[in-house]
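Just so we're clear, the structure is a prediction, and the values are computed from it rather than from any experiment. Each chain gets a letter, A, B and so on, in the order its sequence line appears, and its residues count up from 1. Atoms considered below: every heavy atom in the structure, side chains included; atoms not considered: hydrogens, waters and symmetry mates.
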Amino acid sequence: MDSEVAIRLQNVTKRFGDIIANDNVNLLVKKGEILSILGENGSGKTTLMNMLSGIYFPDHGDITVHGKKVTIRSPKDAFALGIGMIHQHFKLIDVLTAAENIILGLPGHERLDMKSIVAEVNELVAKYGFDLDPEQKIYDMSVSQKQTVEIVKVLYRGAEILILDEPTAVLTPQETSKLFDVLRNMRKAGKSIIIITHKLNEVMAISDRVTVLRKGQYIGSIETRDASVEVLTEMMVGQKIDLEIDRTEPMPFVGRIEVKNITCRNRDGVAILKDVSFTSSAGEILGIAGIAGSGQKELLEAVAGLQEIESGEILYHSPEGETVTISDMKAAEIRDLKISLAFVPEDRLGMGLVGSMDLTDNIMLRSYNEGKHFFANRKNPRKLATRIVEKLSVVTPSVDTPVRKLSGGNVQKILLGREIASSPNVLMVAYPVRGLDINSSYMIYNLLGDQKQKGASVICVGEDLDVLMALCDRIVVLSGGELTGIVDARTISKEDIGLLMTSSKKGGAQHAE
Amino acid sequence: MLNDHEVLAKEPFFRITKRAHISNFKSWGIRLIAVVLSLIVCAFVIMAITGENPFNVYLGIIDGAIGKKRRLWVTIRETLTLLIIAVGLTPAFKMRFWNIGAEGQVLMGGLATAAVMIYLGPTLPNGIVLLLVFMASILAGLLWGIMPAYFKSKYNTNETLFTLMLNYVAMQIVTFCIVFWEKPSGSNTVGIINGANEGGWLPKLFGLDYGWSLVIVLLMTVGMYVYMKFSKHGYEIAVVGESQNTARYVGIDVKKVIMRTMMISGGICGLAGAIIVSGASHTISTSTAGGRGFTAIIVAWMSKFNPFVMILVSAFLVFMQQGAIQIASQFGLNENASDIITGIILFFLIGSEFFITYKVERTRAKKEATAK
């Protein structure tokens, strides 16, 4: 029944230099089905979808849409074929309304009739059960509303095939289930939907079929009802993996970093942290949860001395019992105090490391200034680099390779390896496994667990609630820069954290206006 | 529903992909091909304009640059000047501080040199005058370098515009001083300073006219290489240049590094002014720097900030310039002919970097598709 097939890819290959991003990949999407494309970072999911949406052009292979062989050279071609992609990063204009963004770039008529456009948009919204006001400005919207605009935009252009690139990465559990309801409505209406993801639970919840890619190669497709999390993991990674995180009991509470009523503003004068207080303990992993941009980054940077604090203070209680106020110190002063505060920032190559420098020079970043000598000592950093490469099994040609050339997982191993080499009393990590494959992720979890057992106070900002709940002892929840709860990670439910992530201290929902 | 003609359009003919890595052999090969191609194009241009045999013209270039002992030494002298300015620019550009004010920094260094020579040259012993010349020229260049650095680190002003404008300020100051120093009066030039007693002139070394210049410039070149590669300062400069965020994260004082580096950069450019005025021209005018502050930027970039490669690149550029001056007179060409030839060669050399970074391929998929 070829008429039922929406898209068929045959032996599609795409190379970037020596790297084969897609190697003879086959893919089939039927009309009225939801297909998940599952694979680790670097497995070629996004490259494949970019070829469907006209951003890349395949080196080899055929693309068939509705039974006709096609050549997609640009996003315009893709639109003409009824293929619409919703990217991870939204492409919307803040000062325009939803409806204005939706019609942007369309030919339209001589006279712009916004009224009928709004009516048309409302019709779509009602049909699929979206929650959207077409006349609301984008800057007034939450992330999930912006995503809705992107989806409606694609539908308005008559897309029959929708591609969503990691749509749930920025959503709370509640928003995710709302999105899934909408997707199911679209399936009922006969649309074909492709979801790119690496979250197994979601694959099981939403899709009809799963196609698995691994290292650019097509591994196989199975019906979701025949699949299980274990089977999918094995297909994705190529081996059986124990998905349990080894969590030990925390040590008795000993305050290490005490954050007292801190408020910070960003460059535009907007309060990004509001009156936040908590105390981290030695020998525990303290998670920080929240929607992206709720102040997580600023909180860690404030502790590290990189973010200016408007009011409040941050105290450091040393294992020897001394108390130091670190909130009015700069990063260099904190370093010179020998507090050994380690920080793995979110932006690994833009802040934690220097991409164009080799491993040795990157390891040296923390220690280059030791000693009074005019010349830098590269001998010890080189030894340390070699040791980290061995211990954390970093895949690299040598310690003289620029870190930019390493894969995401190996970059993170270098960064984390350097930070824990000083046996820190405080270890702060932001999104430590973002973009990492499963094996590397579990290695990172274990390293964090080791530090906790050594008595370090580990503070971990994360985005995957399942992981935070399995890894941490306590979880601090931020919502719009406010602290909305400190909960026990062993007993709290995912839904409760989701509620805290969107609530404000006064109790009302954040986006209700 | 679909428009087949539109959708089944032809595939792109070329494909440009970034090279993962390239061997040294291949990258120098590409550069060599670029030089050969540029010489061929130059030959056609020369023939079209003059009708001369290009080989004669090229021989004229070689003759002009190194044909006589004096010409060889002029080429070496000019190379040294260009080299030391490029060396001075290195730390600034490595820090991604777009210092296009070398012209002004050189001019201020030259002006300070001239001032010391004019006011102290005839009276003090030559050794002390020279010491003062070096100190004053470095200080003047340093001042011209630290100004944009201060405003950059304090108010985040645009250093490109700032350093560029300072070039004109330096030029105006020189014009102003010439009014006081002109000799003979009415000539509107300073003339040769201390022509009789050679006060403040760099003396001969090992019997060579430019011996001291040679020693100073080569010392600076080696010194800069060591400074950038092995010192903590050099490391800080590299980190600040690549990522200010990383620098702040590890506790590097970014403002301090910017100020310090521009002091060094400006100081060396100021010293270049002393090399020109005290070591060669013994006079000062608004064209003392002569555009070398800009040419040196090309030298620094083409050498990828390696001071030793800079020796070769600056020698090549000066060679071409000196040769072109020769053919201009020999074949009755305009002075600008030299610029045309240098321009064509630079165009090819800079263009070759594209082919070193990227690979251009013909699309093959099409043939295979039709074969099926």
*asked:* Using a 6.0 Å cut-off, check whether atom OH of B:Y358 has over 12 heavy atoms from anything other than its own residue.
replied: no
Is B:F347 atom CZ crowded by more than 12 heavy atoms from other residues, nucleotides or ligands, each under 6.0 Å away? no
Under 4.5 Å to a heavy atom of chain B? For A:E370 that would be backbone
So with a 6.0 Å cut-off around CE of B:M259, is the heavy-atom count from everything else above 12? yes
Answer key: most heavy-atom pairs under 4.5 Å with chain B among A:P345, A:A304, A:G158 is A:P345
Applying a strict 4.5 Å limit to non-hydrogen atoms, the region of B:Q244 in contact with chain A is neither
Exercise. Answer yes or no: is there a side-chain heavy-atom contact under 4.5 Å between A:Y368 and B:E236?
Key: yes
- Would you call the rings of A:F374 and B:H233 parallel, tilted or perpendicular, where under 30° means parallel and over 60° means perpendicular? perpendicular
Report task. Would you check if the side chain of B:K232 reaches a backbone N or O of A:N377 as a donor-acceptor pair within less than 3.5 Å? Result -> no
Cut-off 4.5 Å, heavy atoms of chain A, and the answer for B:A238 is both
| message | Does B:F355 have more than 12 heavy atoms from other residues, nucleotides or ligands lying within 6.0 Å of its CZ? | response | no
Closest non-hydrogen atoms of A:G350 and B:S243, given as atom of the first, atom of the second and distance, are O-OG, 2.8 Å
Looking only at A:L349, A:L353, A:D347, A:T13, most heavy-atom pairs under 4.5 Å shared with chain B are made by A:L353
Shortest non-hydrogen pair, B:E242 vs A:V354, comes out as CB-CG1, 3.2 Å
message: I'd like to know if the side chain of B:Y235 reaches the main chain of A:L365, judged simply by a donor and an acceptor atom lying under 3.5 Å from each other, with no hydrogens or angles considered.
response: yes
Original post:
Hey, mind stepping through B:F230 and A:F375 against ring pair (Phe, Tyr, Trp, His ring centres under 6.0 Å) and telling me if it holds?
Top reply: CA-CA 6 Å; B:F230 299 112; A:F375 290 105; 7.1 Å; no
Is the number of heavy atoms from other residues, nucleotides or ligands within 6.0 Å of OH (A:Y156) greater than 12?
yes
- prompt: Considering residues, nucleotides and ligands other than B:K94, do more than 12 of their heavy atoms fall under 6.0 Å from its NZ?
  reply: no
